[in-house]
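One structure is given here, and the rest of the page talks about it.
Each chain gets a letter, A, B and so on, in the order the sequences are listed, and its residues count up from 1.
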2 protein chains.
Amino acid sequence: MTCDYLKLENQLCFPVYAASRLITREYQPFLKELGITYPQYLVLLVLWEEDGMLVNTIAQKLILNTNTITPLLKRLEQQGFVKRERSMTDERKVIVNLTTNGKQLKEKAHVIPEGIAERILGTGIGLERLMILKDNLHSIISHLSK
Amino acid sequence: MTCDYLKLENQLCFPVYAASRLITREYQPFLKELGITYPQYLVLLVLWEEDGMLVNTIAQKLILNTNTITPLLKRLEQQGFVKRERSMTDERKVIVNLTTNGKQLKEKAHVIPEGIAERILGTGIGLERLMILKDNLHSIISHLSK
DNA sequence: TTAGATAATATCGTTCGCGATACAAATATA
DNA sequence: TATATTTGTATCGCGAACGATATTATCTAA
């Protein structure tokens, strides 16, 4: 049996890449309502869990570099959702805090996971397979992010 | 049992998004050698399967819009891997053909899937789970891309 | 205490990804 | 055969991603 590995169909990379863009697309109508982008939503998810994080800590959680996070945080600051301030004890560090507006946004965001879950489960994949999918991705992530 | 759906950990979106970037990162050393980017590699994968495709057909295969593909093809043309020409019979259509250089690149690219497969399987996920993962992603893709 | 190393963040340049829109060619309709 | 609609591609603008590099601040070791 021959198998051409240089076919799109046979690659793992493409399904992950395409699924990522398609899933992100599902978030658009919800995020548009909140006035934020998908990566901005991820940053807020992190801050909603624990406020007052360092730029670096946020970057690590999202597996992004500061050269992506810094301008993103500036936009979130301009929109009035976070404020950034240098640490008193170590002036290299920048602490990111949610504003009142940023905290309030969490309440509006509660509809998002439900809406998306509904949409994804509507693909017929089933909750159990979805959990397995998530676990497999997590194991790939934990190994490749080292 | 309480479950906060607004936690990064509990979302499906993030693992897919992170895995996509991490897997793409694995391609970098290989692609750097060929002098192309990851999306450019995807376009070439498509053309290596079937040369002389229309811009739109390539876009559909990769689930991308022409406003992403067009500038990408221009760069591939500048680098001498493809050439674009208007169809004689329908001047709206642009046919994308591989150059000799573009065809030759396929031979150099054969090492990529093997190298990546090795790296991914090195995460300990196992070939079988990898196949299931791919299938699940494909079913999500086919439903969301409608 | 001071030069060198390290750490935390930021800047710059290039390429995507995509919504909105434009534009020309082809097709359909009146 | 004019006019409207559709089709295929391209343009524009903005916000990621990220490699390379810069800029401070802190730490470390001579």
(request) Grab the CD-P distance between B:E91 and C:dC23 for me, whole Å please. (result) 19 Å
(request) Could you tell me the separation between the CD atom of A:E26 and the P atom of C:dG17, rounded to a whole number of Å? (result) 18 Å
(message) Starting from B:I95 and following side-chain heavy-atom contacts under 4.5 Å between hydrophobic residues (I, L, V, M, F, W, Y), which residues can be reached?
(response) B:L54
(request) Just call it for A:S87: base, sugar-phosphate, or nothing, with non-hydrogen atoms closer than 4.0 Å on any strand. (result) nothing
(request) Before giving the answer on side-chain contact (heavy atoms from CB on, under 4.5 Å), spell out for B:V16 and A:T24 the whole-Å C-alpha distance, their side-chain angles and the decisive distance to 0.1 Å. (result) CA-CA 10 Å; B:V16 183; A:T24 304; over 6 Å; no
(message) My understanding is that only residues two or more places apart in sequence, or in another chain, count here; which of them pass side chain to side chain donor-acceptor pair (under 3.5 Å) with A:R25?
(response) none
(message) To the closest 0.5 Å, what do you measure between CD1 (A:I58) and CG (A:L73)?
(response) 5.0 Å
(request) Please collect all ring-ring contact (aromatic ring centres under 6.0 Å, His included) contacts where either partner lies in residues 39-67 of chain B, sequence neighbours excluded, each pair once. (result) B:Y27-B:Y41
(request) Answer yes or no: is there a donor N or O on one side and an acceptor on the other, between the side chain of B:T68 and the main chain of B:L64, under 3.5 Å? (result) no
(request) Please name all residues satisfying side chain to side chain donor-acceptor pair (under 3.5 Å) with A:E77, sequence neighbours left out, ordered by chain then number. (result) A:R84
(message) Using a 4.0 Å heavy-atom cut-off to protein, can you give one letter per nucleotide of nucleotides 12-23 of chain D, 5' to 3': B if the base is in contact, S if only the sugar-phosphate is, - if neither?
(response) B--SSBBBB---
(request) Starting from P on C:dG17, measure out to CG on A:L31 and report it in whole angstrom. (result) 19 Å
Please write out each protein N/O paired with an N/O of nucleotides 5-9 of chain D under 3.5 Å, distance rounded to 0.1 Å.
{"from": "D:dT7", "atom 1": "O4'", "to": "B:R92", "atom 2": "NH1", "distance (Å)": "3.3"}
{"from": "D:dT7", "atom 1": "O2", "to": "B:R92", "atom 2": "NH1", "distance (Å)": "3.2"}
{"from": "D:dT9", "atom 1": "OP1", "to": "B:V94", "atom 2": "N", "distance (Å)": "2.8"}
{"from": "D:dT9", "atom 1": "OP1", "to": "B:V94", "atom 2": "O", "distance (Å)": "3.4"}
{"from": "D:dT9", "atom 1": "OP2", "to": "B:N56", "atom 2": "N", "distance (Å)": "2.9"}
{"from": "D:dT9", "atom 1": "OP2", "to": "B:N56", "atom 2": "ND2", "distance (Å)": "3.3"}

(message) Between B:S87 and B:V94 (side chain of the first, backbone of the second, donor and acceptor by atom type, cut-off under 3.5 Å), is there such a pair?
(response) no
(message) Nearest whole Å is fine: how far is C:dT14 C1' from B:Q79 CD?
(response) 12 Å
(message) Can you measure A:E85 atom CD to C:dT9 atom P for me and round it to whole angstrom units?
(response) 13 Å
